[in-house]
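A short worksheet on the structure shown next.
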Number of protein chains: 2
Amino acid sequence: MSLPHAILTALLEKPSSGLELTRRFDRSIGYFWSATHQQIYRELGKLESDGLIRALPSEQPARGQKKAYEVLPAGRAELARWTAAGQDPKPQRDALLLRLRAAAVVGTAGLEADLGRHLDLHRRQLAEYEEIERRDFPPGRDGPEDRLRHLVLRAGIDLETFWTRWLAHALAEVAGLSEVTGGTASSDGAGTTPPR
Amino acid sequence: MSLPHAILTALLEKPSSGLELTRRFDRSIGYFWSATHQQIYRELGKLESDGLIRALPSEQPARGQKKAYEVLPAGRAELARWTAAGQDPKPQRDALLLRLRAAAVVGTAGLEADLGRHLDLHRRQLAEYEEIERRDFPPGRDGPEDRLRHLVLRAGIDLETFWTRWLAHALAEVAGLSEVTGGTASSDGAGTTPPR
DNA sequence: AAGCTTTATGCAACTAGTTGCAGAACCGGT
DNA sequence: ACCGGTTCTGCAACTAGTTGCATAAAGCTT
């Protein structure tokens with residue numbers, strides 16, 4: 001139940017149309033709460049009919065016509081309420097870790113390439129975050145809002161740093177394994193599931 | 001599309017009934033791929049009708065009666081296929097970071113308590129992981145399967161370490177902010193959304 | 001043996017997120 | 001003025017995950 005609040009936040013930062021929101025989700029907000037344009041349009045409709053946002057009155061709002069929204073007081077209040085409320089963390093889901101665990105049972109064949117690809121992706125993301133930090137948070141700018149936003153960015157940077165390190169380590173480990181066993185570790189499951 | 005593979009992995013490690021699987025998901029597998037008993041029962045049915053697993057023939061399988069499953073060769077093959085195949089990482093979703101960003105706009109009121117609660121949860125999880133490491137990976141045990149499983153556990157430990165550190169830092173930062181502004185930073189949105 | 005609790009399996013309905021497609025305006029070039 | 005690509009909005013159908021409840025057997029209690 002966070003998408004509407006992600007949208008409210010984005011709209012408070014700057015009133016936007018559906019597509020503008022989509023683009024901003026692809027850049028900044030989407031780094032920790034991604035959404036497709038479909039979700040966004042649907043949610044905008046819902047938020048409007050709930051009276052939390054409204055379409056800025058401009059040109060006639062026809063199909064294929066840009067339509068910008070702004071947050072109403074009720075929307076700001078709802079966002080404040082949600083921000084203050086406690087929430088339990090969502091259960092984790094990480095397919096890569098799961099695959100590593102599966103590899104312990106069925107063998108590591110084919111894993112290396114994908115680990116490398118992930119490493120590359122995380123390196124890129126890290127570089128992007130660092131670029132943003134350089135651009136948006138030069139030493140000096142540190143009003144309350146900046147400090148909070150910087151904190152969030154730091155989480156992103158540190159997370160990507162963690163993943164690049166871990167993936168590099170994992171890659172070395174997996175490479176070591178396939179070297180020893182000649183391509184696949186325990187691909188017959190011996191040692192874990194004894195043949196019956 | 002990872003749940004069936006999580007189940008196959010778990011069943012290869014040890015044939016189990018639905019409830020046993022559920023419990024094991026709550027402990028080890030669920031740390032990086034959680035699932036409710038509902039998902040598991042449904043998926044077991046699907047996997048069985050697809051011929052990837054089968055019910056161990058034992059007592060008559062009536063309702064309210066334990067029914068254990070084991071993986072068939074086709075299931076092992078499917079798991080190996082999936083493990084080897086490359087997959088794009090799922091888009092990130094982190095409600096806490098989102099809330100911090102919202103707080104930059106609507107104020108930090110009420111955040112501190114919840115940050116503290118999250119810190120506590122992550123500390124507990126970290127302690128649990130470290131306990132598992134002590135118990136299951138004493139120095140010496142390092143066959144191929146152990147190395148891979150240990151690698152996964154290390155990811156968990158390092159992630160939780162990261163979060164506890166970051167949360168402690170965030171908590172200090174937020175406390176500093178509310179001290180300066182008297183409880184809420186920029187709760188009227190000034191500075192970000194100039195009043196029109 | 002009658003009732004209560006726990007264990008185990010499962011159905012049905014719902015919410016959130018994804019994918020594929022389509023239609024209207026707008027913006028160039030010819 | 002017409003055509004073709006791009007922008008912008010949106011519907012419909014699907015997949016994955018969650019919540020609430022039902023039902024059957026087994027074990028314990030009196």
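Note on naming: letters A, B, ... go to the chains in the order of the sequence lines (proteins, then strands), and numbering restarts at 1 for each one.
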Rounded off to whole Å, could you give me the CD-to-P distance for the Glu20(B) and dT6(C) pair? 20 Å
Counting side-chain heavy atoms from C-beta on, which of dG17(C), dT7(D), dA12(C) comes nearest to Leu19(A)? dT7(D)
OP1, OP2 of dA16(C) versus side-chain N and O of Gln39(A): anything below 4.0 Å? no
Separation of atom NZ in Lys46(A) from atom P in dA16(C), rounded to whole Å: 6 Å
Are Lys90(B) and dT18(C) close enough that a side-chain N or O sits under 4.0 Å from OP1 or OP2? no
Between dG17(C), dT18(D), dT9(C), which nucleotide gets closest to the side-chain atoms of Trp33(A)? dG17(C)
Can you tell me the distance, in whole Å, between the CD1 atom of Ile40(B) and the P atom of dT9(C)? 11 Å
Walking DNA chain C from its 5' end, the first of Ser2(A) and Gly18(B) to be reached, judged by nearest nucleotide, is Gly18(B)
Looking at dG17(C), dG17(D), dA8(C), which one has an atom nearest to any side-chain atom of Leu3(A)? dG17(C)
Ile7(B) CD1 - dG17(D) P separation (whole Å): 10 Å
For Tyr41(A) and dG10(D), is the shortest distance between a side-chain N/O and OP1 or OP2 below 4.0 Å? no
Derivation of the salt bridge (charged side-chain N to carboxylate O under 4.0 Å, His left out) call for Arg54(B) and Glu48(B): CA-CA 5 Å; Arg54(B) 69 161 183 186; Glu48(B) 186 176 28; over 6 Å; no
Using whole Å, what does the distance between atom C1' of nucleotide dG10(C) and atom OH of Tyr69(B) come to? 10 Å
Mark yes or no for a side-chain to base donor-acceptor pair under 3.5 Å between Glu43(A) and dG17(C), with no hydrogen or angle criteria applied. no
Whole-Å gap separating P (dC14(D)) and CE (Met1(B)): 17 Å
What integer distance in Å separates Arg23(B):CZ from dT6(C):P? 13 Å
So, Ser28(A) versus Arg101(B): side-chain donor-acceptor pair below 3.5 Å or not? yes
Below 4.0 Å: OP1/OP2 of dT18(D) and any side-chain N or O of Arg93(A): yes
Any side-chain donor-acceptor pair under 3.5 Å between Ser2(A) and Arg93(B)? no
State plainly whether the residues Arg154(A) and Glu133(A) are in salt-bridge range, i.e. N to O under 4.0 Å. yes
To the nearest Å, give me how far apart NZ (Lys67(B)) and C1' (dT7(C)) are. 16 Å
Can you check whether Pro4(B)'s main-chain N or O pairs, donor with acceptor, with Trp82(B)'s side chain at less than 3.5 Å? no
Is there a donor on the side chain of Arg42(A) or the base of dT18(C) sitting less than 3.5 Å from an acceptor on the other? yes
Any side-chain N or O of Ser17(A) below 4.0 angstrom from OP1/OP2 of dT9(D)? yes
Which nucleotide sits closest to the side chain of Gln38(B): dG10(C), dT18(D), dG17(C)? dG10(C)
